[in-house]
Amino acid sequence: MKQKTNMKEKLRRQELCIGTHVSLGEGLVSEMMGYLDYDYLWIDMEHSCINLAQLQNHLMGARASGINAIVRIPWNDAVLAKPVMDAGADGIICPMIHSYEEALMAVEATSYPPRGVRGYGPRRAYMFGEIDNDEYLAHADENLMRFIQLEHIGAIQDLDRILTIKEIDAFIFGPNDLSGSLGKLGHTQDADIRRIIDDAIGKIRAAGRVAGVSLGSADEETIRDWYDRGVRMISTGFDVSYIMDGARANLAAMRRACR
């Protein structure tokens with residue numbers, strides 16, 4: 001199925017992109033949620049037990065439902081990024097960026113020479129050879145979406161240099177880890193934390209780039225707050241919470257009915 005949303009183009013136009021997180025191993029989860037009107041699924045290999053074989057099933061499920069599949073790898077490492085790209089991910093999310101040098105390393109790991117160091121062996125990414133090799137190579141680097149997470153004060157302090165790297169499609173805040181790097185883990189509404197984030201969002205927007213955020217479960221007020229602060233790529237909710245919320249509601253209904 002053709003993708004419902006040209007997400008990379010939406011990001012270029014700085015239009016709002018909304019998505020949700022996948023952390024369970026079963027690829028059917030991505031197909032199910034992919035039929036909903038999200039712009040993308042954030043498939044998480046950092047804080048989950050999803051392995052490469054399971055990831056491939058998630059990517060097939062996402063392709064079947066026509067949704068963009070972006071994958072957060074466990075660490076900013078070329079060895080971890082390579083098989084994810086070869087499996088056909090639409091985008092790569094590199095967590096815990098600390099500096100310009102680390103952001104540049106993420107771009108080089110996800111780009112073929114001469115820009116980068118990605119080894120050649122796309123397999124599923126070029127439809128097992130159904131896409132002409134020259135055609136694939138001509139567009140592979142520009143089609144892939146690249147995201148870095150601003151989860152450490154070091155990245156904020158080096159943001160001016162990081163923003164000069166043109167290949168990065170969005171700069172995604174991880175509020176919990178960012179607050180932790182300042183000795184205030186979990187205090188994401190702390191006045192100093194908010195000021196630091198707001199200043200960084202201002203720089204990102206002034207550079208004509210896209211700021212994003214990844215939240216766990218978030219209520220409407222929290223989502224609106226991030227939107228009003230200038231964030232245009234918003235990821236909230238995840239599969240585990242959807243199951244648990246539904247199970248809790250069902251249990252509560254059964255207990256009320258059977259008093």
Side-chain angles (χ1 to χ4, degrees), residues 7-8 10-12 14 17-19 21 39-48 68-85 89-112 115-118 140-182 188 193 196-215 226 229-236:
M7 182 178 170
K8 193 171 181 86
K10 286 187 73 173
L11 290 170
R12 282 177 179 154
Q14 299 186 50
C17 289
I18 55 175
H21 304 92
D39 292 301
Y40 61 92
L41 296 179
W42 173 307
I43 302 172
D44 190 17
M45 297 183 77
E46 182 186 15
H47 294 295
S48 78
N68 293 279
I70 64 176
V71 180
R72 177 163 68 177
I73 56 179
W75 196 248
N76 181 25
D77 187 303
V79 174
L80 297 174
K82 187 189 301 184
V84 172
M85 294 182 292
D90 298 305
I92 298 285
I93 308 155
C94 294
M96 278 292 181
I97 297 299
H98 287 61
S99 65
Y100 167 84
E101 287 76 17
E102 291 187 6
L104 185 62
M105 184 170 68
V107 169
E108 290 175 346
T110 54
S111 304
Y112 287 116
R115 177 61 172 122
V117 297
R118 178 182 175 184
D141 283 353
E142 65 184 71
N143 288 340
L144 184 73
M145 290 180 282
R146 299 170 181 84
F147 308 97
I148 63 167
Q149 285 200 268
L150 305 178
E151 300 182 282
H152 192 274
I153 188 59
I156 303 299
Q157 293 168 340
D158 211 4
L159 186 57
D160 289 335
R161 289 204 301 159
I162 292 173
L163 286 168
T164 65
I165 305 174
K166 62 181 178 59
E167 292 90 349
I168 299 172
D169 291 279
F171 303 81
I172 303 172
F173 291 93
N176 276 308
D177 284 324
L178 180 56
S179 66
S181 75
L182 290 159
T188 58
I193 303 296
I196 288 168
I197 291 175
D198 287 342
D199 288 348
I201 292 172
K203 285 187 176 184
I204 293 167
R205 297 191 71 188
R209 314 296 290 278
V210 176
V213 67
S214 172
L215 307 169
W226 281 97
R229 293 163 76 182
V231 168
R232 290 298 178 265
M233 179 179 171
I234 304 177
S235 312
T236 68

Just wondering, do [Y] and [X] contact through their side chains at under 4.5 Å, heavy atoms?
| X | Y | result |
| --- | --- | --- |
| Y40 | D90 | no |
| L104 | S99 | no |
| N68 | K10 | no |
| L150 | L178 | no |

Mind checking what makes side chain to side chain donor-acceptor pair (under 3.5 Å) contact with [X], not counting sequence neighbours?
| X | result |
| --- | --- |
| N76 | none |
| R229 | D198, D225 |
| S179 | none |

Would a distance-only check, ignoring hydrogens and angles, find a side-chain to backbone donor-acceptor pair under 3.5 Å from E151 to M96? yes
Please check: side-chain N/O of T110 versus main-chain N/O of V107, any donor-acceptor pairing under 3.5 Å? yes
What pair of heavy atoms forms the shortest contact from [X] to [Y], and how long is it?
| X | Y | answer |
| --- | --- | --- |
| I97 | A155 | O-CB, 3.2 Å |
| S214 | P175 | O-CD, 3.7 Å |
| V71 | A89 | CG2-CB, 3.8 Å |
| I92 | A81 | CD1-O, 4.3 Å |
| H21 | L215 | CE1-O, 2.9 Å |

Could you pull out all residues at least two apart from [X] that satisfy side chain to side chain contact (heavy atoms under 4.5 Å, CB included)?
| X | answer |
| --- | --- |
| S48 | S23, I50 |
| P74 | M45, L80 |
| L182 | I153, I193, I196 |
| N176 | T188 |

Under 3.5 Å donor-acceptor pairs involving side-chain atoms of residues 164-174, not counting sequence neighbours:
| residue | atom | partner | partner atom | Å |
| --- | --- | --- | --- | --- |
| T164 | OG1 | R161 | O | 2.5 |
| E167 | OE1 | R115 | NH2 | 3.0 |
| E167 | OE2 | R115 | NE | 2.6 |
| E167 | OE2 | R115 | NH2 | 3.3 |
| D169 | OD1 | K8 | NZ | 3.0 |
| D169 | OD2 | K8 | NZ | 3.1 |
| D169 | OD2 | R146 | N | 2.8 |

With ring pair (Phe, Tyr, Trp, His ring centres under 6.0 Å) as the rule and sequence neighbours excluded, what pairs involving residues 140-170 come up? H98-H152
State the [atom1]-[atom2] distance between [X] and [Y], to the nearest 0.5 angstrom.
| X | Y | atom1 | atom2 | value |
| --- | --- | --- | --- | --- |
| I204 | L163 | CD1 | CG | 6.0 Å |
| I201 | R232 | CD1 | CZ | 9.5 Å |
| R118 | D141 | CZ | CG | 7.5 Å |
| C17 | I234 | SG | CD1 | 10.0 Å |
| W42 | I93 | CH2 | CD1 | 4.0 Å |

Only counting residues at least two apart or in another chain, list the ones meeting salt bridge (charged side-chain N to carboxylate O under 4.0 Å, His left out) with R209. none
Contacts of R72 meeting salt bridge (charged side-chain N to carboxylate O under 4.0 Å, His left out) (sequence neighbours excluded), chain-then-number -> D44, E46
Take atom OH in Y100; do more than 12 heavy atoms of anything else shown fall under 6.0 Å from it? no
